[in-house]
Amino acid sequence: MNKTTISELGSCRDREAEIWGWAFNKRSSGSLVFLQIRDGTGFCQAVVDKSVIGAEAWEAAGKVTMESSVKVGGKVVEHPKHRGVFEIHASRIEIVQIAEEYPIAKKEHGVDFLLDHRHLWLRSKRPWAIMRVRDMVIRAMGEWLNDNGFIKIDSPILTATSCEGTTELFAMDYFDLGKAYLSQSGQLYQEAAIFAHGRAYDFGPVFRAEKSKTRRHLTEFWMMDAEAAWVGHEENLKIQEELISYIVQRVLDKNATELAILERDIEPLKAVKPPFHRITHKQAVARVRELGSDMGDDQDLGGDDETALSKEYGKPVFVEKYPAKVKAFYMKRDQENSDLALCADLLAPEGYGEIVGGSVREEDYETLLKRLEEFKLARKDFEWYLDLRRYGSVPHAGFGIGLERLVGWICGIRHIRETIPFSRLINRLTP
Ligand code: 4AD
Ligand code: MG
């Protein structure tokens, strides 16, 4: 019998075909058994009719438990009521393995129970849909970057320096060389790469040891750092809005099924096209105070502030020019006001908050030296980075996208822990 996948069932219409997968549900009524099958590519129903199937196959159908692995063959028939939905009228059932009683039954489980069983939970419809959107986001990101002159240069994970501040570093002993730290961002290495390639990006896991237990924080997450020579603040934002718009439109194009499973309202996503909104940090502070925040003039936006602010917009909004002292050492200052950094965070709308952080980088050797001192960072750890300002320094800018935050917004998932296959939180290291 012709083996096919559920996603390809339509092309086998009215013919015999076989799918190999797992039974995720079963319902019986008298001489009929309805098996719900998934095979990774999709979901379908197999109808087993006692009056047409052999005795042995009927017995097999009776034995199938939830999550048993099976091969089911038969005629592919379009659902009488739902166009484009196909089912199999089974003539053959082969059991590969009878599953033990499956811990994730249909009844509602708490999220901690589900996360403890994440290795199994991944099979359920909702995680299945999220992971497929995640895959598409990664693909679309690479497509756009490569089509727009960015070369992928992998950054190291083990590093001797911090990128985003020393308080959030995971440290370990590293042979005779003292401490090594898990990378917080590959940015500094991408800055080295652009002097060879003009435009470069990386994509990989990064680590933050911050003790934040919020719906936006993971201790291990995936970041894409992009960096470009000869790019200033304006162009940096343009690149970001084009890239983000491309990713969202690709997901709308390719993942309609997944977004429907997630019951994501796609109207706000359709609006994600350049130009995005823009406000200054100062305007943002004024607005969130009107909305009830008590944040100070010179503070970073807190999680609740971001939520409140980003609910005000139907499309992503850039918050520009933060006070330099709340941002990282490498950011160039605004020429018009040297207390401000030439930076922007991109907040996703609908209350999701920051998904991208970026800035123009300080390209002047002496100024950068001064910044290292101001931020109490040891010069010896940054000699190689300072070299980039000694040998043909140029204006440049870049940004980092947090993959899970982006996927969370696109999927309409409130908590980031569901957007990564196996989440690492301050209280979770398994499975
Ligand atoms: O804003 P961040 O800290 O910026 C950087 O690390 C820069 N070096 C990036 C660059 O310019 N190349 O982090 C970038 C993004 C944030 O906007 C957010 O989306 C995500 O990474 N992020 C986190 N995601 C999940 N859990 C955390 N703890 C995160 N911290 C940051
Ligand atoms: Mg940030």
Side-chain angles (χ1 to χ4, degrees), residues 134 137 141 145 150 153 155 159 161-170 182-194 199-228 231 233 236-237 239-240 243-244 247 281 299-303 305-306 310 316-320 322-323 326-332 341-348 352-362 385 396-410 413 415-420 423-426 428:
R134 181 182 163 109
V137 167
M141 195 155 65
L145 288 163
F150 289 81
I153 299 285
S155 296
T159 61
T161 52
S162 86
C163 179
E164 293 301 310
T166 48
T167 52
E168 311 174 347
L169 286 171
F170 280 108
L182 294 179
S183 177
Q184 298 169 310
S185 156
Q187 177 198 322
L188 307 187
Y189 297 93
Q190 295 308 305
E191 287 187 61
I194 60 163
R199 294 177 163 209
Y201 74 101
D202 64 19
F203 178 59
V206 294
F207 305 85
R208 303 277 167 106
E210 62 204 315
K211 288 225 165 71
S212 299
K213 208 178 159 187
T214 80
R215 65 186 176 90
R216 296 195 173 101
H217 287 89
L218 294 166
T219 53
E220 174 180 300
F221 64 97
W222 285 66
M223 173 119 76
M224 192 289 294
D225 296 283
E227 200 70 25
V231 164
H233 183 62
N236 196 27
L237 302 198
I239 292 171
Q240 292 172 50
L243 169 58
I244 296 291
I247 293 169
H281 175 269
Q299 284 174 355
D300 207 347
L301 293 173
D305 300 323
E306 282 186 12
S310 75
V317 54
F318 286 111
V319 180
E320 303 173 276
Y322 283 66
V326 303
K327 289 293 185 185
F329 77 96
Y330 51 72
M331 291 189 182
K332 193 178 168 76
L342 216 42
C343 69
D345 281 358
L346 182 62
L347 310 190
Y352 282 91
E354 182 190 343
I355 51 172
V356 189
S359 78
V360 178
R361 320 307 189 186
E362 179 54 65
Y385 186 66
H396 63 285
F399 57 92
I401 298 182
L403 177 71
E404 290 75 15
R405 301 250 187 113
L406 177 59
V407 171
W409 162 52
I410 294 176
I413 302 294
H415 202 300
I416 197 170
R417 65 195 162 199
E418 283 189 62
T419 63
I420 188 163
S423 56
R424 296 293 177 252
L425 307 162
I426 55 178
R428 178 167 296 282

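Atoms within each ligand, like the ligands themselves, are counted from 1 in listed order. Quantities reported herein were computed from a predicted structural model and do not represent experimental measurements.
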Would you please classify the geometry between the F150 ring and the Y201 ring as parallel, tilted or perpendicular, with 30° and 60° separating the classes?
-> perpendicular

for atom 26 (N) of ligand 1, nearest protein heavy atom and its distance come out as L218 N, 3.0 Å

Counting from 1 in the order shown, the ligand 1 atoms closer than 4.0 Å to a non-hydrogen atom of Y330 are 7 (C), 8 (N)

Note on the Mg ion (ligand 2): protein N/O/S atoms within less than 2.8 Å are E354 OE2

Is any N or O atom of F221, backbone or side chain, closer than 3.5 Å to an N or O atom of ligand 1? no

Item to complete: If the plane angle is over 60° it's perpendicular, under 30° parallel, otherwise tilted; pick one for F329 and Y385.
Response: perpendicular

For G400, the ligand 1 atoms with a heavy-atom partner under 4.0 Å come out as 9 (C), 10 (C), 11 (O), 12 (N), 14 (C), 15 (C)

Any side-chain heavy-atom pair of L237 and F399 under 4.5 Å | no

among protein heavy atoms, the one nearest atom 7 (C) of ligand 1 is E164 OE2, 3.3 Å

Practice problem: Would you check the N or O atoms of R361, main chain and side chain alike, for any that come under 3.5 Å of an N or O of ligand 1? | Solution: yes

Does the N or O separation between I355 and ligand 1 drop below 3.5 Å for any pair?
yes

Note to self: In this structure, does ligand 1 have an atom that sits under 4.0 Å from one of the heavy atoms of R208?
What the structure shows: yes

Do L347 and E354 have side chains that approach each other closer than 4.5 Å (heavy atoms only, starting at C-beta)? yes

Going by the 4.0 angstrom heavy-atom rule, the piece of R216 near ligand 1 is backbone

Is a side-chain donor or acceptor of N236 paired with a backbone partner of G398 at a separation under 3.5 angstrom?
yes

Q. Would you say D225 has any N or O atom under 3.5 Å from an N or O of ligand 1, going by distance alone?
A. yes

Any nitrogen or oxygen of I416, side chain or backbone, less than 3.5 Å from one on ligand 1? no

inquiry  = Would you say that W409 contacts P316 through its side chain, given a criterion of any heavy-atom pair below 4.5 Å between the two side chains?
reply    = yes

Checking heavy atoms under 4.0 Å, the part of V206 that sits near ligand 1 is neither

task = May I ask you to test the I247-I410 pair for a side-chain heavy-atom distance under 4.5 Å?
result = yes

Does the N or O separation between E210 and ligand 1 drop below 3.5 Å for any pair? yes

>> Between E404 and W222 (side chain of the first, backbone of the second, donor and acceptor by atom type, cut-off under 3.5 Å), is there such a pair?
In response: yes

If we number the atoms of ligand 1 from 1 as shown, the ones under 4.0 Å from a heavy atom of V356 are 17 (O)

message: Tell me if a side-chain donor or acceptor on Q184 pairs with a main-chain N or O of E164 at a distance below 3.5 Å.
response: yes

Item checked: R216 (side chain) donor-acceptor with G303 (main chain) under 3.5 angstrom -> yes

Practice item. Evaluate the criterion side-chain hydrogen bond (donor to acceptor under 3.5 Å, both in side chains) for residue pair E210 and T167; output intermediate values, then yes/no. Key: CA-CA 7 Å; E210 62 204 315; T167 52; over 6 Å; no

With distance as the sole test, does R405 use its side chain to make a donor-acceptor pair with the main-chain N or O of V356 at under 3.5 Å?
no

Here the atoms of ligand 1 under 4.0 Å from any heavy atom belonging to E354 are 1 (O), 16 (C), 17 (O), 19 (O)

Ligand 1 atoms nearer than 4.0 angstrom to some heavy atom of G357 are 9 (C), 10 (C), 11 (O), 17 (O)

In this structure, atom 18 (C) of ligand 1 is nearest to the protein heavy atom R405 NH1, 3.5 Å

Within the 4.0 Å heavy-atom cut-off, what M223 brings close to ligand 1 is side chain

**Request:** Take E227 and R361 through the test salt bridge (Lys or Arg N to Asp or Glu O under 4.0 Å) and record every step on the way to the result.
**Result:** CA-CA 10 Å; E227 200 70 25; R361 320 307 189 186; 2.9 Å; yes

- Would you check if there is a donor-acceptor pair between the side chains of E191 and Y330 at a distance under 3.5 Å? no

Does the side chain of L403 come within less than 4.5 Å of V407's, by heavy atoms? yes

